[in-house]
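If you scroll down you'll find the structure; I have some questions about it.
Throughout, protein chains are lettered first and strands after them, A, B, ... in sequence-line order, and every chain is numbered starting at 1.
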Amino acid sequence: MPVTTSSPEPAAITLPKTSESEQLLRIRHSMSHVMAMAVQKLFPQAQVTIGPWTESGFYYDFDSPDPFSEADLKAIKKEMVKIINRKLPLERLEVSRAEAERRIQAINEPYKLEILAGIKEPISLYTLGDQWWDLCAGPHVAHTGELNAKAFELESVAGAYWRGDETKAQLQRIYGTAWETPEQLAEHQRRKAEAKRRDHRRLGTDLNLFSIEDEAGAGLVFWHPRGARMRLLIEDFWRQAHFDAGYELLYTPHVADISLWKTSGHLDFYAESMFGPMQVDERQYQLKPMNCPFHVLTYASALRSYRELPIRWAELGTVYRYERPGVMHGLMRVRGFTQDDAHVFCLPEQITAEIVAILDLTEQILSTFDFRSYEINLSTRPAKSIGEDAVWELATNGLIGALERKGWAYKVDEGGGAFYGPKIDLKIEDAIGRMWQCSTIQLDFNLPERFQLEYVAADGSRQQPIMIHRAIFGSLERFFGIMTENYAGDFPFWLAPEQIRLLPVTDEVRGYAEEVLGQLKRAGVRATLDQSGERLAKLIRNGEQMKIPVLAVIGTTEAEGGSLSLRSRREGDLGTMAVAKLIEAASLANAARSAGLQP
RNA sequence: GCCCUUGUAGCUCAGUGGUAGAGCACUCCCUUGGUAAGGGAGAGGUCACGAGUUCAAAUCUCGUCAAGGGCUCCA
């Protein structure tokens, strides 16, 4: 029996990760051996390479002259079931290096030989029955009878490079998933289906939010009216939050003379991610992959006093980056996107306070979209870096001090910072437990140096300001995708492109419906009137499919009483409400950025 | 960029060498219907694009572009 698939409640079945379950680790290790044995039985020319477990299953990479197809997976699975049913023992054998070499050469497995060269004693291998063995550290189940033939599935074939190196041989990887029980497998598949249901690419099409057009090119986003309306709401909220936090806004060009990118260093260090330059008159121009040099130039446009600092400038800056073909993914990875970029220029002693303020603003903005669970990483000085020790120490301590003042737990990525400064990265957790990195705060000792930024200190000397880069959404496109998946397209009332749809039961009430529509719109509520003339059941179905937060049924009863019958996606049947009261509730909900109509 | 898979109507997909199809959506007509699909008719396609094979190509071959699953990359 499959587990319940329709229940919105947390699943009764918990799915342990491999790293949390010794038994699953054994199962998945063994499963990959069983798969490799099955593959070599069906494709004797396939050579084995590596086959580790993953958090939800396992894979094995093969070098095979025959490309594996989805159809082959069925045959492989069938063969695996046979092996499982034979209850073959898995036995650990410790051998000398010479013995291992001899055995590997006997079966002509060059990849295994390479692996052997890289491992230390003791060298162990696991036999699977008396026909097949693999170099492996284990652990494994005692015999294949411990594997549940009804609790595994082969999921996909993919290309993978030997040793993860794209200059090395391309191998064929088969991914599988394996569990202790069929119920766990069913739950795993339910979760996969749930992720698919939330896929922002699917929802983007279904809800008519955005598209990506072949004719325009890969990785370039077209925001449709519904998506654009949402983006505007997000941007408006973002701008207001920034003004409230003491930021000013900038608008800067999309292109600039290439010499700017020489000065900034991007031409040297970032060229492969940039669109090519364009010739205009006698000059070469470069489409911007980042906003920072523009903000730096704006800073440098006047002599700054220490009294002006901190200067906080933000911009919704659209940048273009060259992404290699094949890496684009919906809104998540694109070639043109808008960063919610900001740069803070401050005095060294202001670092901690500024970082705390940025963390506060980050929390305020992310929590408005119901992201309240974060994972934070602090990355410190790498081996190859610029800047003086004292500055690095001051800056790193500033970041630590801010995190501690905020009371946020964080992990330290020793040496993981950029060459130009330490940073804080923040990941958010979505409704189905996935983590996404959006926000980043980076200190930069490089650009102020390259552009010779300065301010006049109290003693009249010229000093270099501290520069902080930060983004909260990261990219508006990417954040929009993450947010859409987080809400599964069921956007909160304040953010929905179409908040209330009026559904007239008969043509007789059309006049009244139009009057109500006018009132709602004048009050700033995003309302529409369904003109299709279909029966009510159909109007409701269409409205629900478009995930409209509130459907308002209007029949003769409502028309006579000056009211509406409300059906809320989040809140259920809200009964009959007077028009004036609905306008008040909707306006309040918009002002408070509420999820629903009721407070 | 690499491997595998795919590209047919706005969406989901059928169509394996011989006149381009279905459901939903859209338009119109009938129906005036009270909480998740009423009925009928119509319109809509350079079968991603370009070459080739063939009497004949959506279908076979090659190339290009794009998408999907991965790998690599994302200082």
Side-chain angles (χ1 to χ4, degrees), chain A residues 54 59 61-64 66-73 155-175 192 196 199 201-202 204-208 211-220 224 265-266 268-274 289-290 321-330 332-335 379 382 384-385 416-421 423 437 442 446 474-475 478 503-510 532-546 551-559 565-569 572-576:
Chain A
T54 66
Y59 65 82
D61 289 347
F62 302 92
D63 190 348
S64 167
D66 319 285
F68 302 144
S69 69
E70 300 283 324
D72 294 329
L73 292 189
E155 297 187 304
S156 61
V157 275
Y161 298 105
W162 171 235
R163 299 252 146 120
D165 182 341
E166 64 179 314
T167 64
K168 299 223 165 90
Q170 176 97 37
L171 309 173
Q172 295 190 67
R173 176 172 298 177
I174 301 178
Y175 279 98
K192 270 180 53 174
K196 200 171 172 191
D199 192 313
R201 295 167 299 183
R202 174 85 260 139
T205 303
D206 288 350
L207 304 183
N208 200 4
S211 65
I212 292 166
E213 301 293 331
D214 260 23
E215 283 176 86
L220 302 171
H224 294 197
H266 287 99
D268 294 329
F269 300 113
Y270 205 73
E272 66 197 29
S273 297
M274 284 156 53
M290 292 191 185
R321 295 185 183 173
Y322 174 74
E323 296 285 359
R324 295 163 87 185
V327 304
M328 263 73 75
H329 181 88
M332 304 296 195
R333 186 89 177 263
V334 291
R335 282 179 169 165
S379 301
K384 268 181 78 177
S385 54
F419 73 91
Y420 51 75
K423 64 174 178 177
Q437 196 204 308
Q442 306 198 357
N446 183 45
S475 138
R478 184 175 139 85
L503 310 180
V505 177
T506 71
D507 284 344
E508 280 169 46
V509 297
R510 186 144 306 219
S532 67
E534 295 281 352
R535 284 183 163 72
L536 181 62
K538 185 65 174 289
L539 302 188
I540 291 195
R541 183 181 154 85
N542 290 345
E544 292 289 356
Q545 282 188 330
M546 286 303 280
L551 298 176
V553 176
I554 298 177
T556 45
T557 332
E558 288 81 6
S565 280
L566 301 181
R567 178 187 160 115
S568 160
R569 255 181 96 74
D573 186 357
L574 295 181
T576 304

Mind checking if A:Asp507 touches a base, just sugar-phosphate, or nothing, with heavy atoms under 4.0 Å?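 Touches a base.
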Quick one: do the A:Ser565 and A:Glu558 side chains pair a donor with an acceptor below 3.5 Å?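 Yes.
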In whole Å, what separates the P atom of B:rC47 from that of B:rG10?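 Nearest-Å result for B:rC47 against B:rG10 at atom P: 13 Å.
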Using atom P in both nucleotides, what's the gap between B:rC65 and B:rC28 to the nearest angstrom?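 Nearest-Å result for B:rC65 against B:rC28 at atom P: 43 Å.
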What nucleic acid atoms does A:Arg510 come within less than 4.0 Å of, heavy atoms only: base, sugar-phosphate, or nothing?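 Counting heavy atoms under 4.0 Å across all strands, no contact is made by A:Arg510.
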At 4.0 Å (heavy atoms only), tell me whether A:Glu558 reaches a base, stays on the sugar-phosphate, or touches nothing.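 Answer is base: heavy atoms of A:Glu558 come under 4.0 Å of a base.
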Quick check on RNA chain B: between A:Gly330 and A:Phe419, whose nearest nucleotide comes earlier from the 5' end?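 Looking at RNA chain B, the more 5' nearest nucleotide goes with A:Gly330.
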What nucleic acid atoms does A:Arg321 come within less than 4.0 Å of, heavy atoms only: base, sugar-phosphate, or nothing?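 The residue A:Arg321 makes no contact with any strand.
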Using a cut-off of 4.0 Å on non-hydrogen atoms, how would the nucleic acid contact of A:Glu534 be classed: base, sugar-phosphate, or nothing?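 Counting heavy atoms under 4.0 Å across all strands, the contact made by A:Glu534 includes a base.
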What are the bounds, 5' to 3', of the part of RNA chain B that sits under 4.0 Å from heavy atoms of chain A?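 The contacted stretch runs from B:rG1 to B:rA75.
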Under 4.0 Å, counting only non-hydrogen atoms across every strand here, what does A:Ala158 touch: a base, just sugar-phosphate, or nothing?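 It contacts base atoms.
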Separation between the C1' atoms of B:rC60 and B:rU16, rounded to whole Å: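 The same atom, C1', in both gives a distance of 9 Å.
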Pairwise P distance for B:rA51 and B:rG17, with rounding to whole Å: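 B:rA51 and B:rG17 have their P atoms separated by 24 Å.
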May I ask you to say what A:Arg567 touches in the nucleic acid, namely base, sugar-phosphate or nothing, with a heavy-atom cut-off under 4.0 Å?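 The residue A:Arg567 makes base contact.
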In the strands shown, is B:rG63 matched to any nucleotide by a Watson-Crick or G-U wobble pair with both distances under 3.5 Å, and which?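 Matched B:rG63 with B:rC49 under the 3.5 Å cut-off.
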Would you measure the distance from the C1' atom in B:rC73 across to the matching atom in B:rA14 and give it in whole Å?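 Looking at atom C1' only, B:rC73 and B:rA14 are 39 Å apart.
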Sugar-phosphate, base or nothing in reach of A:Ala418, heavy atoms under 4.0 Å: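 Since no nucleic acid heavy atom lies under 4.0 Å of A:Ala418, the category is nothing.
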Taking B:rC30 as the reference, what is the distance to B:rU46 when you measure between their C1' atoms (whole Å, please)?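 Between the two C1' atoms, the distance is 37 Å.
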If you look at every strand shown and take non-hydrogen atoms under 4.0 Å, does A:Tyr420 touch a base, only sugar-phosphate, or nothing?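 Base, at least one base atom sits under 4.0 Å.
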Which is true for A:Thr556 with a 4.0 Å heavy-atom rule: it touches a base, it touches only sugar-phosphate, or it touches nothing?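 Since a base atom lies under 4.0 Å of A:Thr556, the category is base.
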If you look at every strand shown and take non-hydrogen atoms under 4.0 Å, does A:Gly533 touch a base, only sugar-phosphate, or nothing?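 Base contact.
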So does A:Glu508 have more than 12 non-hydrogen atoms from other groups sitting under 6.0 Å from CD?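 Open.
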Using Watson-Crick or G-U wobble geometry with both distances under 3.5 Å, which nucleotide pairs with B:rG18?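 Its partner is B:rC55.
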By the 4.0 Å heavy-atom rule, please label A:Met290 as base, sugar-phosphate, or nothing.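 Base contact.
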Watson-Crick or G-U wobble partner of B:rG42, both distances under 3.5 Å: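 The base-pairing partner of B:rG42, which may sit in any strand shown, is B:rC26.
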Need one value for A:Gly164: base, sugar-phosphate or nothing, where a base atom within 4.0 Å counts as base even if backbone is also close, heavy atoms only.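 Result for A:Gly164 = sugar-phosphate.
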Gap in Å between the two P atoms, one belonging to B:rA22 and one to B:rG44, rounded: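 The same atom, P, in both gives a distance of 13 Å.
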Point-to-point distance, once rounded to the nearest 0.5 Å, from CE of A:Met332 to CG of A:Asp199: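 The CE atom of A:Met332 sits 7.5 Å away from the CG atom of A:Asp199.
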